[in-house]
Enquirer: 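Next up is a structure, given as structure tokens.
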Amino acid sequence: MKNREIADLFDQIADILELLGENTFKVASYHKASRVVGDLTEDVAALSQEGKLRDLPGIGESIASKIEEYLKTGTMARYQELAAEVPGGVVEMMHVPGLGPKTAGLFWKKAEVKSIADLQTAIEEGRLVGLPGIGEKKVENIKKGLATYLAGQSRILLGKALPIAEEIAVLLGKLKGVHEAIAAGSLRRRRETIGDIDILVSSTRGKEIVDAFVALPMVREVLAAGETKGSARVEGGFQIDVRVVPPESFGAALLYFTGSKAHNIRVRELAIAKKLKLNEYGLFRGEKPVAGKTEQEVYDVLGLAWMPPEIREDRGEVDAALAGQIPELVDVGDIRCDLQMHSTASDGGASIEEMAKTCQELGYSYMAITDHSQSLKIAHGLTPERLGEQRKEIDALNAKLGGENFRILAGVEVDILGEGKLDLPDEALAELDFVIASIHTGMTQDAATITKRITTAMRNPHVHGIAHPTGRVIGQREPYAVDFEEMVRVAKETGTALEINAYPERLDLNDVHARAARDAGIKLLIDTDAHAPDQLHFMRYGVFTARRGWVRKEDVLNTLPLNEFLAWTTGRRKGG
DNA sequence: GCCGTTTTCGGCCCGACTGTTTTCAGTCG
């Protein structure tokens, strides 16, 4: 699948065009095309063959022909031409914070700076100060940006950022004169990783709020503290920006600071079409404010249904909102169970009883214990005999804990071995209430091999679902080379569910894949894969990912009451 | 380069901040 390569080329073209001073809208067109192609779950080659490239938003004649050219020849002439004009290192320099296309071009042409390494040397030798429009402060700023860039501006996992942001928002919300305090930005959209944390506060007392913020106990270093904006580094190294806006602008500001940028652009275009202007202070007709207090108010005037922040990515939500067709997304409160977790029997840190008690506290009505299977020696995986013993323990616990109101299901996370063979015999699997299969070995196999393994496992009638279907670990491990479309096709054919693993490092399926699976009519499971009781609280991250994938309650099996869920598991085994 | 209940040509989101400037360019979100 060449989607990623093509998307990257379009970003490169956009960067070079920007450096060369091309029309900014042309530059934006290539960036948009990159995003659209990069977000596709279908193979762009298949779309090309079906003649559907131009149906994609932002893909017109010129870009479609470049995609076709690349698919046919493996190169893109326009890119080759452009790349020959500008050294790659100069393009890379544009990604240093504080250093944009104009300055990168200037350094290249007037100071022979052609790479990040050259840049570092030029700064040290003081060769940059004195160039047109370049003073001491600008170079100092670029030097700081370079340090950030070289440190690898790693993004923070949502699972790490959200608890801290929430804690600070609660503290700010309690201050005198504060109406509301909400974390905005990609955090509010629940992206899997976050760049920086923006907290928006509704109040007329800017200075007091900012001063109170930088005096919070978790603040380690104050970076700025002005009238309406404060910036600080907190324990854990996160940078947090707090912005204070008056209540009459809070909705418009929340919309603006929540983004995404692409979403904001679409919404502003609609405002212009209605002869209005939208900015972070409100929606205006001429000078006159017509909305701004709440997001709802702004969307209403524009004829849009309110959109959950998770879907504000310019992936069709604005058109859906215009048509009044925003789906009712699954919510944490809809979840009735957790169907993937481990106990001390394999590599978990707590007993089944401890896990069950936490599940009860979370308000679930059932759960499944899914320890690893025998071949995973390092995790002390279970043999059929040990699974039999565990079943007895579960039966006893059910009698002790639940009665009618709570039930522990006996399950397993069975390893998919070579060629799709499962790590337990069918007779052992048949004894269990719930079977989820997954890959823990041979993760670097080629697409054909690994896809065949997974689809073969799906065809086993005892397998209800596939856990962490793509195997990626955020920032640590690339997904398996699995052919996602084929996996979805066989999931549909066999009635196998796919998991959205809620573990913050996994979130697998991701948002885009979850959307594609849902669109294909696949049933989803949202599981924590908890190895300890506190990890059962990760459920919400899986739900956020599902919501980002436009997933509704009816798409998710663990929103079902127990009897309906069991009807599904037994139906699945009969091949239904 | 894309796109069309204003348009097939002429638009294309908006403002703040910073630094280097005497009125603005560049960068960012």
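Throughout, a chain's letter reflects where its sequence line sits, starting with A, and its residues are numbered from 1.
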Enquirer: When the distance from CD of A:Glu61 to P of B:dT8 is rounded to whole Å, what number comes out?
Expert: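 Going from A:Glu61 (CD) to B:dT8 (P), I get 19 Å.
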Enquirer: Does this structure show an ion pair linking A:Arg552 with A:Asp555, if we count only N-O contacts that are shorter than 4.0 Å?
Expert: yes
Enquirer: Spell out protein contact along nucleotides 19-29 of chain B as letters: B when the base is contacted, S when just the sugar-phosphate is, - when no protein heavy atom is under 4.0 Å; keep the 5' to 3' order.
Expert: SSS----SSSB
Enquirer: Please determine whether a side-chain nitrogen of the Lys or Arg among A:Arg312 and A:Glu317 lies less than 4.0 Å from a carboxylate oxygen of the Asp or Glu.
Expert: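 Judged by the 4.0 Å cut-off on N to carboxylate O distance, A:Arg312 and A:Glu317 do not form a salt bridge.
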Enquirer: Measure CD/A:Glu269 against C1'/B:dC2 and give the value in whole Å, please.
Expert: 11 Å
Enquirer: If we take the C1' atom in both B:dG26 and B:dT20, what is their distance in whole Å?
Expert: 11 Å
Enquirer: Nearest whole Å is fine: how far is B:dC13 P from A:Leu302 CG?
Expert: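 Going from CG in A:Leu302 over to P in B:dC13 covers 15 Å.
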Enquirer: Pick the P atom in B:dC17 and in B:dC13, then give their distance to the nearest Å.
Expert: 22 Å
Enquirer: Find the distance A:Lys229:NZ to B:dG15:C1' and express it as a whole number of Å.
Expert: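 From A:Lys229 NZ to B:dG15 C1': 13 Å.
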Enquirer: Please report the distance separating the P of B:dC9 from the corresponding atom of B:dT18, rounded so that it comes out in whole Å.
Expert: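 Approximately 45 Å lies between the P atom of B:dC9 and that of B:dT18.
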Enquirer: Examine B:dC13: is either OP1 or OP2 under 4.0 Å from a nitrogen or oxygen in the side chain of A:Asn264? Give yes or no.
Expert: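 Answer is no, no contact under 4.0 Å.
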Enquirer: Determine, for A:Asp319 against A:Arg266, whether the closest basic-nitrogen to carboxylate-oxygen distance falls under 4.0 angstrom.
Expert: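 Judged by the 4.0 Å cut-off on N to carboxylate O distance, A:Asp319 and A:Arg266 do form a salt bridge.
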Enquirer: May I ask you to decide whether A:Glu313 forms a salt bridge with A:Arg189, counting only side-chain N to carboxylate O separations under 4.0 Å?
Expert: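 Yes, charged N to carboxylate O under 4.0 Å.
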Enquirer: Syn or anti for B:dT20, with syn set at within 90° of 0?
Expert: anti
Enquirer: Can you tell me how far P in B:dT27 sits from the matching atom in B:dT21, rounded to whole Å?
Expert: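 Roughly 15 Å separates the two P atoms.
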Enquirer: Within the 4.0 Å heavy-atom criterion, would you say A:Lys32 contacts the bases, only the backbone, or no part of the nucleic acid?
Expert: nothing
Enquirer: Taking pairing as Watson-Crick or G-U wobble with both contacts under 3.5 Å, can you name the mate of B:dT8, or confirm there isn't one?
Expert: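 Answer to the pairing question: none, since B:dT8 forms no Watson-Crick or G-U pair.
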Enquirer: Would you tabulate the side-chain donor-acceptor contacts of residues 36-46 of chain A under 3.5 Å, counting partners in other chains and residues two or more places apart, or write 'none'?
Expert:
unit_1, atom_1, unit_2, atom_2, d
A:Asp39, OD2, A:Arg315, NE, 3.1
A:Asp39, OD2, A:Arg315, NH2, 3.4
A:Asp43, OD1, A:Ala45, N, 2.9

Enquirer: Tell me what A:Ala273 touches on the nucleic acid: a base, only sugar-phosphate, or nothing, going by heavy atoms under 4.0 Å.
Expert: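 Touches a base.
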Enquirer: Is there a donor in the side chain of A:Thr258 and an acceptor in the side chain of A:Arg188, or the other way round, less than 3.5 Å apart?
Expert: yes
Enquirer: Are any of the side-chain nitrogens in A:Arg489 or A:Glu486 under 4.0 Å away from the carboxylate oxygens of its partner?
Expert: yes
Enquirer: Report yes if at least one side-chain N or O of A:Lys277 is closer than 4.0 Å to OP1 or OP2 of B:dG15; otherwise report no.
Expert: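 Result: yes.
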Enquirer: Check every atom of B:dG15, B:dT6, B:dG1 against the side chain of A:Lys275 and return the nucleotide holding the closest atom.
Expert: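 Of all the options, the side chain of A:Lys275 is nearest to B:dT6.
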Enquirer: If I take atom CD in residue A:Glu227 and atom P in nucleotide B:dC17, what distance separates them, rounded to the nearest angstrom?
Expert: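 Whole-Å distance recorded here is 11 Å.
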Enquirer: Touch check for A:Lys66, heavy atoms < 4.0 angstrom, all strands: base, sugar-phosphate only, or nothing?
Expert: sugar-phosphate
Enquirer: Under the rule for ring pair (Phe, Tyr, Trp, His ring centres under 6.0 Å), what residues qualify as partners of A:Tyr503, not counting sequence neighbours?
Expert: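 Checked A:Tyr503 against ring pair (Phe, Tyr, Trp, His ring centres under 6.0 Å); matches are A:Phe538.
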Enquirer: Less than 4.0 angstrom from a charged side-chain N to a carboxylate O is my criterion; do A:Lys293 and A:Glu297 meet it?
Expert: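 No.
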Enquirer: Would you measure the distance from the C1' atom in B:dG1 across to the matching atom in B:dT5 and give it in whole Å?
Expert: 24 Å
Enquirer: Taking atom C1' in both B:dT7 and B:dC2, what distance in whole Å separates the two?
Expert: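 After rounding to an integer number of Å, I get 13 Å for this pair.
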Enquirer: Please state how far atom CD in A:Glu22 lies from atom P in B:dC2, giving the value in whole angstrom units.
Expert: 13 Å
Enquirer: If you pin A:Ser29 and A:Asn279 to their nearest nucleotides in DNA chain B, which one's is more 5'?
Expert: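 On the 5' side of the pair lies A:Ser29.
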Enquirer: Take the protein atom CD of A:Glu287 and the nucleotide atom C1' of B:dG15, then report the distance between them rounded to whole Å.
Expert: 14 Å
Enquirer: What integer distance in Å separates A:Leu276:CG from B:dT6:P?
Expert: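 That distance rounds to 13 Å.
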Enquirer: How far does the C1' atom of B:dG11 sit from the matching atom of B:dA16, given to the nearest Å?
Expert: 25 Å
